[in-house]
Amino acid sequence: LELRGEAAGVKVYDDFAHRPTAMHTTINGLRRKVGAQRILAVFEPRTNTMKKGEMKALLPWALEEADFSFCLQGDYGWDAAQALAPLGKQAVVADSVDKLVAALLQTARQGDHALWLAGQGAAIHLPQTELSPKRLAEILSGLTREALLTMATKARALAMPKAAAKVADQIEGLVAA
């Protein structure tokens, strides 16, 4: 769990939690830290297991300690709103990043804790609709040596050590060049 900053009195955190058990543990830890202050959990199912819906039944349990949960509905083959229905009005599902951000901004207030739960940080995630040579060049030109080393460290911490090590070695090779 990493505090990334604060905007308009809302503390913004980032965490690698991307499966229900990890999400539950992270939210529980933040709840113990912030007490009754509101937690806004934001997530997008990104892993293959989550995209297939194999863990969708666990999502209400994973998110139960958050005051509000925001999910980006993708082309997963399952309905996130239906999966999160047990959470009632505390669950918001949007079909675009813009709508998700708008809902989050409408809900957030000073003193809240926004928690981004995503299996990312070890790579750059760019939606296919935004992928172009120009956009990729912009992102790559903005990467610093420190950012690349951070990505390499996070890649090494992933669940697939051999694949992550290979990616991390490639990133570190770029930094050395």
Side-chain angles (χ1 to χ4, degrees), residues 1-8 10-109 111-131 139 150-151 153-155 157-160 164:
L1 180 65
E2 182 179 351
L3 177 63
R4 293 295 213 161
E6 187 171 333
V10 177
K11 291 184 179 174
V12 180
Y13 301 86
D14 183 21
D15 194 83
F16 186 72
H18 57 286
R19 293 205 171 120
T21 303
M23 293 164 72
H24 181 81
T25 300
T26 299
I27 294 169
N28 178 269
L30 184 57
R31 173 60 65 209
R32 284 184 278 132
K33 178 179 178 178
V34 304
Q37 294 174 346
R38 295 187 338 160
I39 297 174
L40 313 177
V42 184
F43 74 101
E44 175 186 3
R46 288 186 177 222
T47 65
N48 287 332
T49 306
M50 289 292 288
K51 286 179 182 178
K52 290 177 186 176
E54 294 175 11
M55 297 184 185
K56 68 182 178 185
L58 295 174
L59 288 172
W61 165 79
L63 300 163
E64 68 187 358
E65 289 192 66
D67 296 284
F68 291 93
S69 298
F70 299 83
C71 177
L72 183 62
Q73 175 69 61
D75 187 18
Y76 309 131
W78 57 276
D79 185 347
Q82 185 178 17
L84 297 176
L87 296 174
K89 293 184 179 188
Q90 280 75 26
V92 176
V93 177
D95 61 3
S96 73
V97 172
D98 290 339
K99 289 178 184 175
L100 188 74
V101 170
L104 180 61
L105 292 175
Q106 185 177 8
T107 305
R109 63 181 187 219
D112 284 350
H113 300 268
L115 175 58
W116 176 250
L117 299 163
Q120 63 181 42
I124 299 167
H125 294 277
L126 186 63
Q128 190 69 30
T129 56
E130 295 178 23
L131 183 59
I139 291 170
T150 298
M151 288 171 65
T153 300
K154 288 183 177 184
L158 295 174
M160 297 169 30

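We number each residue from 1, following the sequence as shown. These values consider heavy atoms only, across backbone and side chains, with no hydrogens, waters or symmetry-generated copies.
Rounded to the nearest 0.5 Å, atoms CG (Leu115) and CZ (Phe68) are 15.0 Å apart. In this structure, CG on Leu59 lies 5.5 Å from CE on Met23, to the nearest 0.5 angstrom. Considering CG of Asp112 and CD of Gln37, their distance stands at 8.5 Å, rounded to 0.5 Å.
Contact between Trp116 and Phe43 at its shortest, heavy atoms only, is CZ3-N, 4.4 Å. In terms of heavy atoms, Ile27 sits closest to Ala66 at CG2-N, 3.7 Å. The heavy-atom pair separating Lys56 from Pro60 by the smallest distance is O-CD, 3.7 Å. Closest of all the heavy-atom pairs between Thr107 and Leu40 is CG2-CD2, 4.3 Å.
The side-chain hydrogen bond (donor to acceptor under 3.5 Å, both in side chains) contacts involving residues 58-69 comprise Asn28-Glu65, Arg31-Asp67, where partners must be two or more places apart or lie in separate chains.
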N/O donor to acceptor pairs below 3.5 angstrom from side-chain atoms of residues 78-95, sequence neighbours left out:
residue : atom : partner : partner atom : Å
Trp78   : NE1  : Met50   : O            : 3.1
Trp78   : NE1  : Lys51   : O            : 2.9
Asp79   : OD1  : Ala81   : N            : 2.9
Asp79   : OD1  : Gln82   : N            : 3.4
Asp95   : OD1  : Lys99   : NZ           : 3.2

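Annotation: side chain of Leu100 is not in contact with side chain of Leu104 (no heavy-atom distance under 4.5 Å).
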